[in-house]
Structure formats: structure tokens, C-alpha cells
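One structure, as C-alpha cells, below. Some questions next.
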There are 2 protein chains.
Amino acid sequence: MLVLLAKASTPQKRRYHHGDLERTLVATALDVIHAEGVEALTLRRVGAMAGVSRTALYRHFDDKAALVARIASDGFRLLRETLVRVRANASPDAGDTLEVLAAAHVHFARANPSHYATMFGSALDRRKHPDLARQADAACGEVVGAIRDAQRRGALGSGDPELIAEVMWALTFGIARLGSSSQLPRTALPAEALAVQGVRWVSDGCQMGV
Amino acid sequence: MLVLLAKASTPQKRRYHHGDLERTLVATALDVIHAEGVEALTLRRVGAMAGVSRTALYRHFDDKAALVARIASDGFRLLRETLVRVRANASPDAGDTLEVLAAAHVHFARANPSHYATMFGSALDRRKHPDLARQADAACGEVVGAIRDAQRRGALGSGDPELIAEVMWALTFGIARLGSSSQLPRTALPAEALAVQGVRWVSDGCQMGV
DNA sequence: ACCTGAACACCGTTCAAGT
DNA sequence: ACCTGAACACCGTTCAAGT
């Protein structure tokens, strides 16, 4: 009786049925990745840090890959939300939306290194994680949409929007990824500015070509 | 006496002092990466496949990271050799050397997936592996050189060659890396053609801009 | 329904010992 | 000089058992 009341009124500090253990595990995993990288992620450490047995995780995720895929999928969702926000805030006749999108992408990678490393650094088979594939496609789809908008306004040449998007996506990803592990030969410019410059060149070249 | 003669005349099949074990270990590691990816690389398996104890490797490499760094470094050396060959064969007044270089880079990634995955997929700290850093810079340096050549011939705008090289390198890397794990949203074009198109746009945009 | 603990088959690395 | 074998401190995952 007393026990039941206690359970109902005040949340127990270490109750058996953890409740939101799933969210806790994801947050803890992000902490580990932030501190030591995706490669150092360990279910045993996640369990220990979450104050739970090392096998409790298997109640909420199929296996380690599923946990990693969830984090990657969350990352693409966050990136897409960022890109959506940029498109919404861009003035409707601005010619540089694509450049701002690229800068936002690179900035996202810098601001969320754990998510970004998991999104692109882990060798996940997307066929086995359909939600991850869906979120990744949706994020890239924002660039395709922005390109169609720009073409409609005549701010961009009339090439295949998906082709242009692939090039800009690969360029932006390349800068974000190489930059975040300081693999860019020289960093004369900050990565964001480099991405803006690159996307501008692609836009211009794509406007005169064909 | 007889034993010594045998050792001297015919190479023993399983002699104690292996001799070229170092090369054998590298080749075996490449086989494992080719079959199951960098993440599945295991010193124990390399040892077993090379017919040697699992700790024999420590006579030739500081640790596992040193073995991986050696493979990555070899990869950058091979890539540079490819790029050097392309530049040497390009007719001196050709305007498309940069596009051919990009295509060659993407083709190299496809033809040498084990090396490429190790070069860019493993989280190696280049400060701890100076030879790797040197080879990587040298490979990228070929692009800088080709850009200077193109500018000298007036086939390219007069922007900072290192800046242009960074953009082209990131673009080519992005296409090669995303393409090899089929993370490019659509593959309307083969990755080589996509890289050629992207580099052409950058060249053209960089010629009109500024 | 949710979690634990022991068990299994793996890891990288160290080190004394063998040849 | 080069390699082995046992040992150590780790892994992911399974499964019977507890609450």
C-alpha cells in the first residue's frame, strides 16, 4: 500500500521499470560518441553509464547496429529540419538560397559532430534500416526542392535538378566530412565559406553551361 | 649440415623466420577488408590467414592502427601515381585535364575499394601517422599542380589554386565515397560522369566568377 | 513486460619464454 | 632477430532466471 503510493506520487530514483530507458540509452550513446567517437561506442559502457545491465538494451533495440541506425536517422531528421528552416526563412526572391543551405549543412556537421559522424562515418547498410534511408533521402530532397525553386525563379540554369542536387550534396558532404577531421589540405577559408564558394561556382557553371 | 643445406637451397614452406611477413600481413589484411570491410579487420584473423601467431604482427607494426595507416598510406601513393599518369598522358593543350583527373579518382575508388575505404573510412589521426599525412597531401597536390597548369594556359580563371583544388577534391571525394556505398540519392549517371560534370561546372563557374 | 547474470565466442595487447 | 602461448581486460549476443 505504502509502496504503491510512493511509486505513484514521487518518481522513484532507481525503479525497476525504467520507463524512458530507450531515450536514455540514445542520449548516453551520443555522450560516448561525443567523448570518444563512433568507433569507441560500446553497449557495455552505455549500459553502465545508464545505470542498467549491459543487456537491458536488447529490450529496446534489435542489436548494436539498430542503436547506431537510430542515432543516424535522428541526425538526418535534425539536418532536414535545419534545411527546412533555412528555406522558410530565405526571402522568396533571394538568389543565394542554395549557398545558405550548403553553409547550414556544414555548420550542422560542426555543431553536431556525434550525429554527423554516425550519419556518414558508420558503415550501415541502409537496406537493413529503412527509416534511416527514408530520413537521408528526405534531407537531400530539401536541396532538390530548393533547386527547383531557384530554376522556377530563373536564378539557376535548367539542368536536371536531381543531378545538380547530387553534385551540390556530394560537394557539401565532402567539405563537411573532410573539414571535421581536418583532412582538407589547407584551411585558408573556414569550411562554411568554402562550401558557399563551391556551390556558387557550381550554380554559375551550371547556368552558363548547356 | 643437411638441414642447413636444405635451408639454403630450397625456400622452406613454413620456416620460422618468415622473411617477407610484413608484406604478407599487408596483403592478407587487404583480403580481409575486401571480403568484409575495414570494420571487420582483425589481427587474429590476419595472423591465422597468414599462417602465423596472432601476435607475430607486433614485430612489424606498432599496433593495429599502424597496419591500417600503412594500407591507407599505400592507397594514397597508388592514387597519386594514377593522377600523375593522367597528367603525363594529357595532351599539353587539353582543356579537360581536371575533369579526367576527377574521373580517374572516382574510378580508382571503384577499382580499389579496400584501399579507398581505409584511406577515408577509418578514423586515423594523421598527426600520429606522418607518412599517411604526407602521401595524402601529395595526392591532393597533383590536383593543385594541374590547376596551376590550366591557369597558365588560360584554360581556367585566376582564383587561388589551392582553394579551387579543395573544392574539386571535396567534390570528387564526396561522389566517390557516397557512390561506393550507394548513398547517392539517385544514380542517373555513373559516378565518374557525375564527377566530370561537377568539375566542369566548378571550372566554368570559377572562370566567369570573380 | 522489463531487466539481470552467467555463459559463449570473440577482440587488442603485453610479456615471458622458446628457437 | 623473430615468433609463440598464456594471460589480461575487454567486446556483442544469447538465454534461462528473476521481479
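From a predicted model like this one, the values you see are computed outputs, not experimental measurements. The figures that follow rest on heavy atoms only: side chains count, while hydrogens, waters and symmetry mates do not. Convention: sequence-line order gives letters A, B, ...; per-chain numbering from 1.
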Using nucleotides 6-8 of chain D, report all nitrogen or oxygen pairs with the protein that are shorter than 3.5 Å.
none

Q) Listed by chain and number, what are the side-chain hydrogen bond (donor to acceptor under 3.5 Å, both in side chains) partners of Q135(B), not counting sequence neighbours? A) none
Q.
Output the pairing pattern of DNA chain D as a dot-bracket string, 5' first, Watson-Crick or G-U wobble with both distances under 3.5 Å, | for cross-strand pairs, [ ] for crossing pairs.
A. ||.|||||...|||||.||
(Q) Does this structure show an ion pair linking R152(B) with D149(B), if we count only N-O contacts that are shorter than 4.0 Å? (A) yes
Q | Side-chain donor or acceptor of S203(A) paired with backbone N/O of V199(A) under 3.5 Å | A | yes
Q: Please report, rounded to the nearest Å, how far the C1' atom of dC2(C) is from the CG atom of L21(A).
A: 9 Å
Q) How close or far is atom P of dT4(D) from atom CG of L57(B), stated in whole angstroms? A) 11 Å
Q.
Among D31(A), L21(A), I71(A), exactly one meets side chain to side chain contact (heavy atoms under 4.5 Å, CB included) together with V26(A). Which residue is that?
A. I71(A)
(Q) Tell me whether the side-chain N/O atoms of H60(A) come closer than 4.0 Å to OP1 or OP2 in dC3(C). (A) yes
Q: Whole angstrom is fine here: how far is it from CG in L43(A) over to C1' in dC10(D)?
A: 13 Å
Q) Under 3.5 Å, side chain of Q151(B) to main-chain N/O of G159(B), donor-acceptor pair present? A) yes
(Q) In whole Å, I'd like the distance from the CZ atom of F61(A) to the C1' atom of dG12(D). (A) 16 Å
Q: Let me know the distance between CZ of R45(A) and P of dC11(D), rounded to the nearest Å.
A: 8 Å
Q) Between CE of M119(B) and CZ of R177(B), what distance do you get to the nearest 0.5 Å? A) 11.0 Å
Q: Report yes or no: does S53(B) contribute a side-chain atom to a donor-acceptor pair with the main-chain N or O of T55(B) at less than 3.5 Å?
A: yes
Q.
Just so I know, are the side chains of P190(A) and R110(A) near enough to count as touching, which here means a heavy-atom distance under 4.5 Å?
A. yes
**Q.** Stretch residues 63-72 of chain A: residues that reach within less than 4.0 Å of DNA chain D through a heavy atom
**A.** D63(A), K64(A)
Q | Shortest side-chain distance from V52(A), nucleotide among dT13(C), dC3(C), dC3(D) | A | dC3(C)
Quiz: residues 35-45 of chain A side-chain donor-acceptor pairs under 3.5 angstrom, not counting sequence neighbours:
from   : atom 1 : to     : atom 2 : distance (Å)
E36(A) : OE1    : R45(A) : NH1    : 3.4
E36(A) : OE2    : R45(A) : NH1    : 2.7
E36(A) : OE2    : R45(A) : NH2    : 3.2

Q. Listed by chain and number, what are the side-chain hydrogen bond (donor to acceptor under 3.5 Å, both in side chains) partners of D96(A), not counting sequence neighbours?
A. none
**Q.** Euclidean distance, atom OH of residue Y58(A) to atom P of dC11(D) [Å, nearest integer]
**A.** 12 Å
Q) Side chain of E192(A), backbone of A104(A): donor and acceptor closer than 3.5 Å? A) no
Q) Within this structure, what is the CG-to-P distance between L41(B) and dG12(C), rounded to whole angstrom? A) 8 Å
Q: Provide, to the nearest angstrom, the distance between the CD atom belonging to E39(A) and the P atom belonging to dG12(D).
A: 13 Å
